[in-house]
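Here's the structure we're looking at; comments come further down.
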Amino acid sequence: MSTARAHSNIAFIKYWGNRNENLRLPVTGSISMNLAGLDTTTTVEFDETLADDRLLLNGEEQTGAALDRVSGHLDYIRAMAGFKQRAYVESENTFPAGAGIASSASAFAALTLAACDAAGLDLDERTLSMTARLGSGSASRSVPGGFVAWWAADRHEDSYAETIAPPEHWDLVDVVAIVSTEHKAVGSTGGHRLAPTSPLQTGRIADAERRLAACRQAILERDFEAFAEVVEHDALMMHAVMMTSQPALIYWTPDTLRLIEAARAWRADGMPVCFTIDAGPNVHLMTPAAYADSVAAMAAALPGVLSVRRADPGGPAHLLVEPR
Ligand code: DP6
């Protein structure tokens, strides 16, 4: 039996579209920051007396799609370990489901680490990251700590994430402005499938290396202005692809747009803050720690904002018990 904890992450350069759907090999690289305090803790116990895998999520027994996705991922890990025992999986999030914070990243990172350890596999960080990727692409980025890059590649062995700077490198804060807690109609997995139906995806891919390099350099130099420019540009490009997919994916609401306009106005007034948005209406406001309280208060005061959560840069996925 093993227990692991992983943080969620927020992408600055987004993952949207796969070159190989089964292996979750993305069309472009991506860059993210782990989110401390927005965690999944997962315990895995393989048990020869179980007929099927069982999954308890925040205390509730899961069946159907959620269980199937976890079982499929465990099958891969069982094949690596060379046995067929079913598992009992218990998982808890520190953030509520539907709070607009991606849970598949922390969930599959924690599941991968706990299951591999419980299976007696002693894997390095790179192999854990590429294994987590098979469960959920963004989970590959929740395995290493701090500021992370995930490499796009044609082969499974070459597509993994690694740290480009440790959490203490830059005191950036993610102030998440939550405007909706509803479950989205089309999730990320379905969205990745639609990405190639937008004619704009080709342009987005063609410009990806430039954005990745600019974002990486801005992080390494702690250059907030350069960071803000490329992060907002990348998020808008992904949403332009979403909005022009067939069928169209429009995740924004009027509250989302109000936050976008607010972030741009605050920055024009001299406040170092920028926005990014995932596959949903909630807005992530990135700002240096010294400004986080002000940004959180200003965001909370806007109409439509239900609540705000803040997260500092987080460390790597880790085991909570000594590995065997
Ligand atoms: C918009 O990793 O959730 O958050 O691989 O199908 O699980 P699956 O997709 P997922 O996609 C994340 C999409 C995104 C952008 C990002 O995090 O890079």
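We use all heavy atoms of the structure for the numbers below, so side chains are in, but hydrogens, waters and symmetry mates are not. Owing to the predicted nature of the structure, the values given are computational and were not obtained by experimental measurement. Just follow the structure's listing: the first ligand is 1, and inside any ligand the first atom is 1.
Residue S136 approaches ligand 1 through these ligand atoms, each under 4.0 Å from one of its heavy atoms: 2 (O), 3 (O), 5 (O), 7 (O), 8 (P), 10 (P). Each of the atoms 7 (O), 8 (P) of ligand 1 lies under 4.0 Å from some heavy atom of R69.
Of all the heavy atoms of S104, the ones lying under 4.0 Å from any atom of ligand 1 belong exclusively to the side chain. Within the 4.0 Å heavy-atom criterion, neither part of R193 lies near ligand 1.
Under the ring-ring contact (aromatic ring centres under 6.0 Å, His included) criterion, F12 pairs with F227, sequence neighbours left out. Contacts of Y291 classified as ring-ring contact (aromatic ring centres under 6.0 Å, His included), with partners at least two apart in sequence or in another chain: none.
Salt bridge annotation for D293-R310: present, with a cationic side-chain nitrogen under 4.0 angstrom from a carboxylate oxygen. Remark: D154 engages R19 in a salt bridge, criterion side-chain N to carboxylate O under 4.0 Å. Salt bridge annotation for R267-E232: present, with a cationic side-chain nitrogen under 4.0 angstrom from a carboxylate oxygen. For D234 and K14, the salt-bridge test fails: no basic side-chain N is under 4.0 Å from an acidic carboxylate O.
Looking at R24, K14, H239, M238, it is R24 that brings a heavy atom closest to atom 8 (P) of ligand 1. When the heavy atoms of S188, S138, A235 are ranked by distance to atom 2 (O) of ligand 1, first place goes to S138.
Residue N9 has no nitrogen or oxygen atom sitting less than 3.5 Å from a nitrogen or oxygen atom of ligand 1, judged on distance alone.
Contact analysis puts R141 in contact with ligand 1, with a non-hydrogen atom separation below 4.0 angstrom.
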